[in-house]
Amino acid sequence: MPELPEVETIVRGLRAKITHLKFSKVAVNLNKCVQESPQFFASSLEGRRILFVERRGKNIIIRLSRGNTLLIHLRMTGGLRWVPSHAPMEKQTHVVFSFRGHPWQLRFLDSRQFGRLSVEKSGAGGNLDSLADLGPEPLEISAMEFAARVRSKRRAIKPMLLDQHFLAGVGNIYADEALHRAQIHPRQRVEVLEDKILRRLYYALRQVLRGAIRAGGTSVRTYVDANGSAGGFQKLLRVYGREGGACRSCGTSILREKVGGRSSFYCPRCQRILKKDRSLSRKFIA
DNA sequence: CTGCATGTTAGGTT
DNA sequence: CAACCTAACATGCA
């Protein structure tokens, strides 16, 4: 659930709260949530100051003094809560961060225990080894770069959008929403798509991601931000989770189908599969 | 009870 | 190597 817009919302909220604070105690209640040993994890953070908070793809990056970085990936059901220290512990609270001279805590929760926290030394230019394989940020690359990247692959469009090596941060919800807005079938082979259509997809994807950030993310199941507030983009979804509902563009019933192993929602009328243009290729041969 | 769900990774096959 | 499929992770919900 937390995809780029949700993680961006969390990061923005966190930034205002925890920048410049210094970790006092870090308590790990569930060892498997942290990559390293709980002792090493806690001692790598305690006594260090938070310099700034940023996002890369779906990762939350908390830069610390003396070259350490706290990395958090929420996966499916992970969440962070910024609460007064005396607030009752919510169930499934796996890590608790306290700050020197501050009456509030940051807590990590995760019902399915898939989320992961780790500490890492930043390399040259602040690079982090574990994020080295991530593709570019969809809100930072140009339309030209995007098209060139798509052209280097031969596969279906939706699994490609979900591939974090291809683009960082796009998940199931925003892939479906962008494809509907660009009128592309999730199973469409990319090698058939013309420049015009790729440009349309690029702008649709950015529009969806920006709109979702503006709305504070999409709350379909469990997602709320670090202050416990729900997002608002679920009201603006055109296809995701709307199987059987009317397409907002043409009224046709929205279908749901597995593509690359994930449920995909789309309008069979607005999003048709394009076949290779045979007349073009024949002309090419002649 | 069964089946399914957001993300990622590992491992295998084509 | 690229693309693709499946299973696994652990829990909650319909």
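So you know, we letter chains A, B, ... as the sequences are listed, proteins then strands, and number each from 1. Because the structure is a prediction, the values reported are computed rather than measured.
If you check every strand for non-hydrogen atoms under 4.0 Å, G261(A) touches nothing. Nucleic acid contact for R262(A): base, since at least one base atom lies under 4.0 Å from a heavy atom of the residue. Among the heavy atoms of the strands lying under 4.0 Å from R75(A) is at least one base atom, whether or not backbone atoms are also near.
Side-chain contact check for D110(A) and T77(A): at least one donor-acceptor pair (N or O, by modelled atom type) lies under 3.5 Å. Side chain to side chain, Y174(A) and E6(A) meet the donor-acceptor criterion of an N or O pair below 3.5 Å. In this structure, a donor-acceptor pair under 3.5 Å is present between the side chains of T69(A) and S122(A).
Distance noted for atom P between dC5(C) and dA5(B): 16 Å (whole Å). If you take atom C1' in dT6(C) and the same atom in dC4(B), they sit 16 Å apart, rounded to whole Å.
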Quiz item: side-chain contact (heavy atoms from CB on, under 4.5 Å) between S44(A) and E36(A): does it pass, once the steps are laid out?
Solution: CA-CA 10 Å; S44(A) 302; E36(A) 305 79 10; over 6 Å; no
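Comparing R256(A) and S130(A) by the nucleotide of DNA chain B whose heavy atom lies nearest to each, the residue mapping closer to the 5' end is R256(A).
When both distances must be under 3.5 Å, the Watson-Crick or G-U wobble mate of dG12(C) is dC4(B).
Between K32(A) and dA10(C), a side-chain N or O to OP1/OP2 separation shorter than 4.0 Å is present.
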